[in-house]
Amino acid sequence: MKTDATGRIINCLLAAWAVVVFLFIFAPILSTVVFSFNADRFPALPWGGFSLQWYEAIFADATVRRGLGNSLVVAGFAAVISTALGFTAAYVDYRYRFFGKAVYMVLATLPPTVPVVIMGVAMLSFQGRIGLSGTIPGLVAAHVVICAPFAMALVRMRLADLDKDLEPAAWNLGCGQWMTLRRIVIPFARPAIAAALLITASVSFDEFMVAWFISGLNETLPVRVLAMLQGQVSPRINAVGALVFAVSIVLVALAQLIATRRLAAGRIKGNNP
């Protein structure tokens with residue numbers, strides 16, 4: 001009895017600690033969302049009343065609309081390209097053994113470890129030489145470099161559960177490598193591919209530092225937010241921040257939902273042959 005009571009106390013303390021940690025992490029975000037609906041110009045208590053005027057203000061601002069449009073376009077293209085590259089990189093690591101594979105994996109996973117300031121300066125210098133700096137294709141290319149390792153990691157984790165004998169069996173039955181890839185590997189990796197699309201879109205949509213260096217006149221939404229902060233502090237910032245957070249959390253939540261549902265479905269099939 002004493003052991004059970006001690007266990008319940010420990011569980012309650014751990015749960016309380018988890019709540020405190022999450023409140024500490026999300027308090028700034030929650031305050032931003034709450035004050036984005038505040039009728040007063042300054043974020044202070046007591047609340048001045050509910051209002052949508054700051055959302056109306058940002059959507060009436062042509063520069064914010066243009067930044068949002070640029071962010072969505074860049075995130076869409078970057079997600080598709082980086083997921084395709086990430087899948088191929090993950091499949092090469094899964095299927096083949098070759099000299100220098102360790103170096104290949106180091107290079108494939110290197111970009112997220114490079115400080116973003118150094119990455120931004122390098123991108124600015126390189127793209128300036130080839131005429132891509134300040135263009136949407138240049139932003140897409142830079143974000144692909146950043147996002148592709150995330151896609152590769154997600155797909156590689158999924159491929160680790162694929163039986164290595166399935167492909168050789170398909171080859172022995174007359175399937176070519178491309179047909180095997182299309183009918184076995186890609187369908188098996190589809191949940192990870194979908195999750196990679198959403199995660200890389202979220203990473204690209206939120207990315208600021210590299211975009212700040214190379215965007216030029218084609219500002220993304222995070223870069224536009226910085227430009228707004230350089231003047232007077234406006235309550236519109238809270239509305240933009242809430243909007244960016246909403247888009248990001250929806251993308252991440254969808255990725256998590258797809259991954260967990262597919263995992264659960266796989267377990268059910270495994271338990272019921």
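Placement of V223 and V73 within a single hydrophobic cluster is found when ILVMFWY residues are connected by side-chain heavy-atom separations under 4.5 Å, directly or transitively. Follow the hydrophobic side-chain contacts under 4.5 Å out from F77 and you never reach L132; the two are in separate clusters. Under the 4.5 Å side-chain heavy-atom criterion for ILVMFWY residues, a single connected hydrophobic cluster contains both W178 and I193. At a threshold of 4.5 Å between side-chain heavy atoms, the hydrophobic network of Ile, Leu, Val, Met, Phe, Trp and Tyr places L251 and V80 in two separate groups. A continuous path of hydrophobic side-chain contacts links I25 to I249 [ILVMFWY only; heavy atoms under 4.5 Å].
Taking all atoms of both residues into account, the shortest heavy-atom contact from L139 to T220 is CD1-CG2, 4.0 Å. Scanning all heavy atoms of the two residues, the minimum distance from N218 to G134 falls at ND2-O, 2.6 Å. For the pair K101 and Y96, the tightest heavy-atom approach, listed with the atom from each and the gap, is NZ-O, 2.9 Å. Contact detail for V155 and A189: the closest heavy-atom pair is CG1-CB, 4.5 Å.
When the side chain to side chain contact (heavy atoms under 4.5 Å, CB included) test is applied to V244, the partners found at least two apart in sequence or on another chain are F205, D206, L221, V240, S248. For R182, there are no salt bridge (charged side-chain N to carboxylate O under 4.0 Å, His left out) partners, not counting sequence neighbours. For Y104, the ring-ring contact (aromatic ring centres under 6.0 Å, His included) test picks out F98, with sequence neighbours left out.
Heavy atoms of other residues, nucleotides or ligands lying less than 6.0 angstrom from CG of L217 number 12 at most. In this structure, R183 places its CZ atom where only 12 or fewer heavy-atom neighbours from other residues, nucleotides or ligands lie under 6.0 Å away. Residue-environment remark: CZ (F213) exceeds the threshold of 12 foreign heavy atoms within 6.0 Å.
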F59 and L52: CA distance, side-chain angles, deciding distance, side chain to side chain contact (heavy atoms under 4.5 Å, CB included) verdict | CA-CA 11 Å; F59 283 112; L52 295 176; over 6 Å; no

Determine, step by step, whether L198 and V252 satisfy the side chain to side chain contact (heavy atoms under 4.5 Å, CB included) criterion, reporting the C-alpha distance in whole Å, the side-chain angles of both residues, the deciding distance to 0.1 Å, and the verdict.
-> CA-CA 7 Å; L198 294 168; V252 174; over 6 Å; no

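Atom CD1 of I184 sits about 8.0 Å away from atom CG of L162, to the nearest 0.5 Å. Rounding to the nearest 0.5 Å gives a distance of 6.0 Å between CG of L68 and CG of L243. Distance check: R224 CZ to D61 CG gives 6.5 Å after rounding to the nearest 0.5 Å. Put simply, CG on N70 and OG1 on T63 are 11.0 Å apart, with the number rounded to the nearest 0.5 Å. Separation of atoms CG (L226) and CD (E219) is listed at 9.0 Å; rounding is to 0.5 Å. Summarising the geometry, atom CG belonging to L254 is positioned 10.5 Å from atom OG belonging to S202; distances are rounded to the nearest 0.5 Å.
Listed for the T200 side chain is a donor-acceptor partner under 3.5 Å among the backbone atoms of L197.
Counting only residues at least two apart or in different chains, side chain to side chain donor-acceptor pair (under 3.5 Å) contacts with residues 130-155 comprise H143-S204, H143-E207.
The aromatic rings of Y91 and Y94 sit tilted relative to each other, their planes meeting at an angle between 30° and 60°.
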Sequence neighbours left out, cut at 3.5 Å: what donor-acceptor pairs do the side chains of residues 105-126 make with other protein atoms?
unit_1	atom_1	unit_2	atom_2	d
T109	OG1	M105	O	2.8
T109	OG1	V106	O	3.4
T113	OG1	L110	O	2.6

Under 3.5 Å, which donor-acceptor pairs link side chains of residues 145-152 to any protein atom two or more places apart or in another chain?
none

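The closest side-chain heavy-atom distance from F87 to I186 is below 4.5 Å.
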